[in-house]
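For reference, the structure discussed in these notes is given below.
We name chains A, B, ... by the order of the sequence lines, and we start the count at 1 in each one.
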There are 2 protein chains.
Amino acid sequence: MAGPTIYDVATAAGVATSTVSRAFTNPGRVSATTRDRVLAVAAELGYRPNPHARALLSGRHHTVAMVVSDITNPHYFELIRGAEMRARISEYTLLLVNAEESPRVEWEQIQRLSPAVDGFVLAASRLPDENLRQVAAQRPVVLMSRELPGLASVVLDHGEGCRQVVAHLASLGHRELLYLAGPRNSWMAGTRWTVLRSAAEQAGMTVRRSGPFTPKVAQGGAAADAAVNDGATAIVAHNDLLAIGVMQRLAQRGIRVPEEVSVVGFDDIFAADVCTPRLTTLGGAHVDVGRAAVELLLTAGSRPPDDAPRITLPTQLVLRDSTGQRQ
Amino acid sequence: MAGPTIYDVATAAGVATSTVSRAFTNPGRVSATTRDRVLAVAAELGYRPNPHARALLSGRHHTVAMVVSDITNPHYFELIRGAEMRARISEYTLLLVNAEESPRVEWEQIQRLSPAVDGFVLAASRLPDENLRQVAAQRPVVLMSRELPGLASVVLDHGEGCRQVVAHLASLGHRELLYLAGPRNSWMAGTRWTVLRSAAEQAGMTVRRSGPFTPKVAQGGAAADAAVNDGATAIVAHNDLLAIGVMQRLAQRGIRVPEEVSVVGFDDIFAADVCTPRLTTLGGAHVDVGRAAVELLLTAGSRPPDDAPRITLPTQLVLRDSTGQRQ
DNA sequence: AACAAGATGGCAACCCCTTGCCGTCGGTTG
DNA sequence: CAACCGACGGCAAGGGGTTGCCATCTTGTT
């Protein structure tokens with residue numbers, strides 16, 4: 001079961017364990033001849049260092065944990081991909097954890113993993129600010145799709161993005177906008193609403209909010225009916241899943257998109273491009289968000305602890321077929 | 001940085017480290033009074049056991065690695081979700097690793113992680129049989145979407161599933177079937193072709209194969225053109241992504257689905273239900289595949305090593321709008 | 001030829017926790 | 001009251017590496 005250890009290699013090569021260790025971790029510290037012999041023996045024996053033993057002493061684990069608020073949401077896939085890619089480049093291992101939309105689960109998982117990882121990437125954390133600060137006090141933390149003063153974060157620039165959404169809808173003649181809100185404890189949901197509202201008011205549009213809705217396709221029905229009841233001609237849904245659900249329900253009710261109602265989503269998930277009508281949505285390079293977050297985490301040690309970088313990546317409004325001229 | 005250790009707790013509680021350790025891991029071994037005191041002190045100090053130190057001694061890490069051949073493919077999401085859920089139930093941590101469709105990368109990652117995990121779940125591994133056996137000799141392994149004598153595996157029952165696909169198409173009057181094949185080193189791609197062919201021949205249909213194609217939407221264009229050139233009225237694509245790409249290209253060329261050509265995919269990914277026309281596809285409970293695989297892995301110790309269970313879960317043919325009567 | 005300085009390897013402590021074994025103590029039994 | 005026994009705590013040896021420090025061996029210098 002257990003592979004050969006540093007002791008086996010040392011014996012076989014006729015050196016001390018310290019020499020074997022140094023041959024791997026500090027090659028300059030042993031002569032080329034010895035090193036080659038040790039490495040040869042190690043290779044022959046199939047020796048591989050035990051990361052746990054190494055982590056035990058050094059405190060560095062070469063592992064980062066990514067906590068995702070809901071692994072069900074395809075949107076996170078891109079974040080995960082980006083994070084995984086960046087971690088792999090530095091030969092870090094990515095631990096994936098699902099918080100199931102539960103702050104309690106999220107907290108427990110973080111506490112459990114805390115002694116075993118070098119840091120956390122928290123994607124759309126549902127934790128209260130205070131808890132986030134506690135985590136950050138223990139370990140380096142980078143937030144994704146959430147901001148908190150004092151903590152490093154990577155987010156898409158929703159300020160500009162939402163202004164573009166509003167401009168797009170306003171230019172099509174819409175005067176009233178309804179935002180179908182996401183979960184209450186989602187920072188992103190709050191931000192979208194704040195920014196949409198101010199942008200819309202500046203554009204002279206009326207804005208209202210409905211919700212919160214769990215951002216899943218299945219919830220789209222209820223959300224759509226709320227929208228119909230509201231009477232707005234332009235709907236901005238918390239994310240693409242909800243938007244797709246809304247469109248399905250509208251189709252069911254015989255309400256045409258975009259002729260009668262325009263619908264906009266967020267995230268630009270894969271399905272947005274294949275549904276009917278194809279969904280206009282505010283997307284962005286989510287892979288880059290994942291990448292940047294891990295990047296930040298890996299370089300956390302080289303920054304003064306009170307200097308928490310906040311990276312804002314550009315969004316891009318993807319115009320498709322779910323938005324149109326107001327009738 | 002480092003939290004309090006067992007020594008800190010021992011000192012604070014006025015007992016030996018062994019007592020602290022036992023208070024956590026072997027509660028019956030210390031008196032209730034002592035245990036309570038130790039636990040209280042530990043809680044107060046915020047002590048949490050270091051999993052590495054624990055793993056070092058016990059050899060059990062409470063961690064399983066899931067290696068995914070291509071994390072880009074939404075199909076794997078469900079597998080990942082299922083695996084993550086099952087792991088969490090047993091308080092295991094899931095390590096997610098992407099092999100980027102490269103057998104070399106896959107192999108390296110496995111070797112690197114091998115000393116640090118209790119076992120591997122390999123999803124659609126692209127590794128040659130021989131390498132899989134080597135891995136299995138080191139660590140418990142469970143395959144997903146792949147079978148190999150002697151190794152535990154969880155797959156969807158493509159035998160019956162493909163027969164249903166063929167029966168469905170045959171019943172609609174189709175006499176010729178074209179399979180758009182997946183990657184060459186994908187076991188699933190080989191299996192699908194084998195099973196489809198025999199089922200089709202038995203049903204008196206002509207079967208041909210084209211490809212291999214990388215199973216992504218972007219490759220659908222080339223695949224569609226190959227299909228058009230072939231002239232078959234029924235297309236079975238290696239997976240939903242490819243099928244969606246095919247349909248996009250067909251639409252672009254003015255070929256109507258399902259009136260002129262029927263298209264079937266595999267996996268029943270989320271997008272299959274929202275694309276136009278909605279895609280007929282052979283799905284299954286992929287979450288259960290992920291769940292079962294981890295389950296198998298966690299119970300691997302309690303089985304004789306030469307008894308490798310092979311779990312076959314039922315598929316379900318989901319009829320939607322991309323298949324129709326042959327004209 | 002004598003000596004300083006650098007290169008190299010080994011010793012042993014340490015990282016944090018688990019566990020086999022032993023000693024102590026209070027209580028039971030005859 | 002002695003002999004025994006079980007319950008409970010502590011000691012110390014790992015488990016697999018890393019690393020500060022010291023000893024030895026080269027090599028170069030004058």
### Salt bridge flag under 4.0 Å for residues A/E78 and A/R81
yes
### Query
Distance-only, no hydrogens or angles: does the B/D118 side chain make a donor-acceptor pair with backbone N or O of B/V64 under 3.5 Å?
no
### Task
For the residue pair A/H52 and B/H61, categorise the inter-ring angle as parallel (less than 30°), tilted (30 to 60°) or perpendicular (more than 60°).
parallel
### Query
Considering only heavy atoms and no angle criterion, is a donor-acceptor pair shorter than 3.5 Å present between the side chain of A/S18 and the base of C/dC11?
yes
### Query
Should B/P49 and A/P115 count as side-chain neighbours, where that means a heavy-atom distance under 4.5 Å?
no
### Message
Within the 4.0 Å heavy-atom criterion, would you say B/V20 contacts the bases, only the backbone, or no part of the nucleic acid?
### Response
nothing
In residues 141-150 of chain B, what donor-acceptor pairs under 3.5 Å come from side-chain atoms, sequence neighbours left out?
{"residue": "B/R146", "atom": "NH1", "partner": "B/S125", "partner atom": "O", "Å": "2.7"}
{"residue": "B/R146", "atom": "NH1", "partner": "B/L127", "partner atom": "O", "Å": "2.7"}
{"residue": "B/R146", "atom": "NH2", "partner": "B/L127", "partner atom": "O", "Å": "2.8"}
{"residue": "B/R146", "atom": "NH2", "partner": "B/D129", "partner atom": "OD1", "Å": "2.7"}
{"residue": "B/E147", "atom": "OE1", "partner": "B/R310", "partner atom": "NH2", "Å": "3.4"}

### Query
Considering only heavy atoms, which members of residues 46-56 of chain B lie under 4.0 Å from some atom of DNA chain C?
B/Y47, B/R48, B/P49, B/N50, B/A53, B/R54
### Query
To 10°, what angle do the rotation axes through the five end pairs on each side of the helix from C/dA1-D/dT30 to C/dG30-D/dC1 form?
50°
### Query
How about B/F120 and B/L297: do any of their side-chain heavy atoms sit closer than 4.5 Å?
no
Residues 10-18 of chain A, side-chain donor-acceptor partners within the protein, below 3.5 Å, at least two apart:
{"residue": "A/T11", "atom": "OG1", "partner": "A/Y7", "partner atom": "O", "Å": "2.8"}

### Summary
Rounded to whole Å, the CD1-C1' distance (B/I6 to D/dC11) equals 14 Å
#### Entry: Exceeds 12 heavy-atom contacts within 6.0 angstrom, atom CD of A/Q111
yes
### Query
Under 3.5 Å, side chain of A/R86 to main-chain N/O of A/E295, donor-acceptor pair present?
no
### Query
CD of B/E44: more than 12 outside heavy atoms within 6.0 angstrom?
no
### Query
In whole angstrom, what separates A/L57's CG from D/dT18's C1'?
5 Å
### Message
What I want to find out is whether B/R112 reaches A/E91 closely enough, with some N-O distance under 4.0 Å, to be called a salt bridge.
### Response
no
#### Entry: Side-chain donor/acceptor of B/Y7 to base of C/dC17, under 3.5 Å
yes
### Message
So if I take residues 34-41 of chain A and measure heavy-atom distances to DNA chain D, which residues fall below 4.0 Å?
### Response
none
### Task
Residues of residues 21-30 of chain A with any non-hydrogen atom less than 4.0 angstrom from an atom of DNA chain D: list those, numerically ordered, please.
A/S21, A/R22, A/T25, A/R29
### Message
How close do B/A152 and B/L296 get, counting heavy atoms only, and between which atoms?
### Response
CB-CD2, 4.3 Å
### Message
When you compare the side chain of B/I71 with that of B/Y76, does any pair of heavy atoms fall below 4.5 Å?
### Response
no
### Query
OP1 or OP2 of C/dC16 less than 4.0 angstrom from a side-chain nitrogen or oxygen of B/T17, does that happen here?
no
